[in-house]
> 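Starting off with a structure, shown below.
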Amino acid sequence: MEKNVVVRLARRPRGLVTREDFDIREEPVPEPREGEFRVRAEYLSLDPAMRGWMNEGRSYVPPIGIGEVMRGYAVGHVDVSKHKDFKPGDAVVGLFGAQRYALSNGSGVTRADPGLAPLETWVGGLGMPGLTAYFGLLEVGQAREGDTVVVSAASGAVGQVVGQIARIMGCRAVGVVGGQEKRRVALEEFGFDACVDYKAGGLSDQLNETCPQGIDVDFENVGGEIFDAVLAQMNRFGRVAVCGLISGYAATEAPPGLQNTRSILVNRLRVRGFIVFDFTSRYGEALNQLTEWHAAGKLRFREDVRSGGLAQFPEVLNLLFTGGNTGKLVLKLDR
Ligand SMILES: NC(=O)c1ccc[n+]([C@@H]2O[C@H](COP(=O)([O-])OP(=O)(O)OC[C@H]3O[C@@H](n4cnc5c(N)ncnc54)[C@H](OP(=O)(O)O)[C@@H]3O)[C@@H](O)[C@H]2O)c1
């Protein structure tokens, strides 16, 4: 008889996660009750937020409890249903957790359309990261035609979509990435106008060269030194959409403070943090637009699919924090 495979949080990690932080084990496959359905998950989304959810303390959602299933988005098919709106074979996306089989009452679940894009894209460009890029750039960053938009972690899940939407809106899109191969991907696959490699050194000079008119919108995914360098070159009345601060998520010491906050004052910057959940009521509108752009060939998505199943969860998750992924990181639940 088939077993479920479940990743449970065993203890609160420090820094990068280790195998000992999780209890990865076989359990019985759960049976749905009336009003529920069961999903057989096929791809687990690896998101930087997962690391934050493991920490104690106040955040925008409660921390995952010790012994609880690791929270995470997944996409798969309904295999058994006692829910009137979902039938076996339906492709669905939701916070099903890091497990092979999950039960759901349908709350927060959206549908994937494998006819429009492969299943894994529905946790990437046509899923939460794509929605984050859309609302972060257009609503929070208020990007307008002619703006210079800088986005960090530009070849990643969110960054790749930000750059392409910026181009669609008539902005100049400038990426910041770690490494020459990611730079190539940003320029050649996602059509960024320019892209700088912070690992090559001289980040401020590189930004100066690639943004001769200054920076109007910073889509901030990383924080730390990269954020600081971008802040210094913002234009008057520029907007900073603080989407993520990944450079600090797995840090074991408090990151050094920003040096260039004076730019906020003298340039009258509008700095606004956001969580994609703030826009839940408008997901449908955004998804229609993203799928339309994708169908028209204006929006391309790249996933970085890892195999090995849930046994590989800790190692694969860490790739996000070591820069080991290029594109949206997903784990194929093939075992
Ligand atoms: N606000 C929201 O609702 C929301 C929703 C989704 C995601 N986010 C945030 O968006 C950001 C990107 O997420 P994603 O899913 O698209 O991940 P991703 O960009 O696909 O992967 C993470 C990337 O971050 C970069 N990175 C990691 N540690 C770094 C460090 N110390 N210094 C510089 N760069 C580092 C690496 O790229 P390089 O090798 O190019 O440096 C890495 O590949 C994260 O901060 C995440 O928390 C926010």
> Between Glu220 and Gly223, is there a donor-acceptor pair closer than 3.5 Å when you use the side chain of the first and the backbone of the second?
yes
> Is there a side chain to side chain contact (heavy atoms under 4.5 Å, CB included) between Thr132 and Phe277 once you walk through the steps?
CA-CA 9 Å; Thr132 303; Phe277 308 153; over 6 Å; no
> Backbone N or O of Glu285 within a donor-acceptor pair of the Gln289 side chain at under 3.5 Å?
no
> Group every Ile, Leu, Val, Met, Phe, Trp and Tyr by side-chain heavy-atom contacts under 4.5 Å, then state whether Leu333 and Val29 land in the same group.
no
> Spell out, as yes or no, whether a donor-acceptor pair under 3.5 Å connects the side chain of Arg8 to the backbone of Gly67.
yes
> Calculate, to the nearest 0.5 Å, the distance between atoms SG and CG belonging to Cys171 and Asp193 respectively.
9.5 Å
> Assess whether a salt bridge exists between Lys332 and Glu120, defined as any Lys/Arg side-chain N lying under 4.0 Å from an Asp/Glu carboxylate O.
no
> Determine whether the side chains of Tyr101 and Arg40 contain a donor N or O and an acceptor N or O closer than 3.5 Å.
yes
> Tell me, please, which residues at least two apart from Ser247 pass side chain to side chain donor-acceptor pair (under 3.5 Å).
none
> Same cluster for Met50 and Val6 if Ile/Leu/Val/Met/Phe/Trp/Tyr side chains link at under 4.5 Å?
no
> Does the side chain of Gln206 pick up a donor-acceptor pair with the side chain of Asp197 at under 3.5 Å?
no
> Please check: side-chain N/O of Asn267 versus main-chain N/O of Ile264, any donor-acceptor pairing under 3.5 Å?
no
> So which atom in Pro28 and which in Asn4 form the shortest heavy-atom distance, rounded to 0.1 Å?
O-CB, 3.7 Å
> Could you walk me through whether Tyr134 and Ile165 pass side chain to side chain contact (heavy atoms under 4.5 Å, CB included), step by step?
CA-CA 7 Å; Tyr134 180 92; Ile165 299 178; 4.2 Å; yes
> Minimum heavy-atom separation for Leu319 to Asn325, with atom names?
O-OD1, 3.6 Å
> Gly159 and Phe192: which non-hydrogen atoms are nearest, and at how many Å?
O-CZ, 3.7 Å
> Rounded to the nearest 0.5 Å, how far does CZ of Phe22 lie from CG of Leu9?
6.0 Å
> Once rounded to the nearest 0.5 Å, what's the spacing between atom CZ of Phe37 and atom CG of Asn105?
8.0 Å
> Going through the checks in order, is the side-chain hydrogen bond (donor to acceptor under 3.5 Å, both in side chains) test met by Asn260 and Ser263?
CA-CA 6 Å; Asn260 294 314; Ser263 177; over 6 Å; no
> Assess the side chains of Glu181 and Thr326: does a donor N or O sit below 3.5 Å from an acceptor N or O?
no
> Would Val75 and Val109 show up in the same hydrophobic cluster when neighbours are defined by side-chain heavy atoms closer than 4.5 Å?
no
> With no hydrogens and no angle check, is any side-chain donor or acceptor of Ser152 less than 3.5 Å from a backbone partner on Asn221?
yes
> Closer than 3.5 angstrom, by distance alone: can the side chain of Gln312 be matched with the main-chain N or O of Gly309 as a donor-acceptor pair?
no
> Less than 3.5 Å apart, any donor N or O on the side chain of Lys328 or Ser45 sitting next to an acceptor on the other?
yes
> Is the backbone of Arg33 close enough, under 3.5 Å, to the side chain of Glu36 for a donor and an acceptor to pair up by distance?
yes
> Ignoring hydrogens and geometry, is there a side-chain-to-backbone donor-acceptor pair from Arg19 to Ala311 under 3.5 Å?
yes
> Test side chain to side chain contact (heavy atoms under 4.5 Å, CB included) on Glu189 and Arg302; report intermediate values, then the result.
CA-CA 9 Å; Glu189 291 187 24; Arg302 175 176 171 138; 2.7 Å; yes
> Please give me the minimum heavy-atom distance between Val242 and Val271, naming the atom from each residue.
CG2-CG1, 3.8 Å
> Does NZ or CZ of Arg111 come closer than 6.0 Å to the centre of the six-membered ring of Phe86, within 45° of the ring's axis?
yes
> Between Glu188 and Arg184, is there a donor-acceptor pair closer than 3.5 Å when you use the side chain of the first and the backbone of the second?
no
> Ignoring hydrogens and angles, tell me if any N or O in the side chain of Glu68 forms a donor-acceptor pair with the backbone of Gly65 under 3.5 Å.
yes
> For Gly324 versus Asp304, what's the shortest heavy-atom pair and its separation?
O-OD2, 4.1 Å
> Would you please test Asp218 and Leu231 for side chain to side chain contact (heavy atoms under 4.5 Å, CB included) and show each step?
CA-CA 8 Å; Asp218 172 29; Leu231 258 186; 5.9 Å; no
> Please find the pair of heavy atoms, one from Pro13 and one from Asn55, that lie closest to each other, and give the distance.
O-OD1, 4.3 Å
> Is there a chain of hydrophobic side chains (I, L, V, M, F, W, Y, each step under 4.5 Å between heavy atoms) that links Val17 to Phe321?
yes
> Would you say Arg262 has more than 12 foreign heavy atoms packed within less than 6.0 Å of its CZ?
no
> Cluster question for you: counting only ILVMFWY and a side-chain heavy-atom cut-off of under 4.5 Å, with indirect links fine, are Val162 and Tyr198 together?
yes
> Can you tell me which residue pairs pass the side-chain hydrogen bond (donor to acceptor under 3.5 Å, both in side chains) test with a partner in residues 230-243, sequence neighbours excluded?
Asp147-Arg239, Asp216-Asn235
> Do the rings of Trp53 and Tyr60 sit parallel, tilted or perpendicular, given the 30° and 60° boundaries?
perpendicular
> Once rounded to the nearest 0.5 Å, what's the spacing between atom CD1 of Ile275 and atom OG1 of Thr280?
11.0 Å
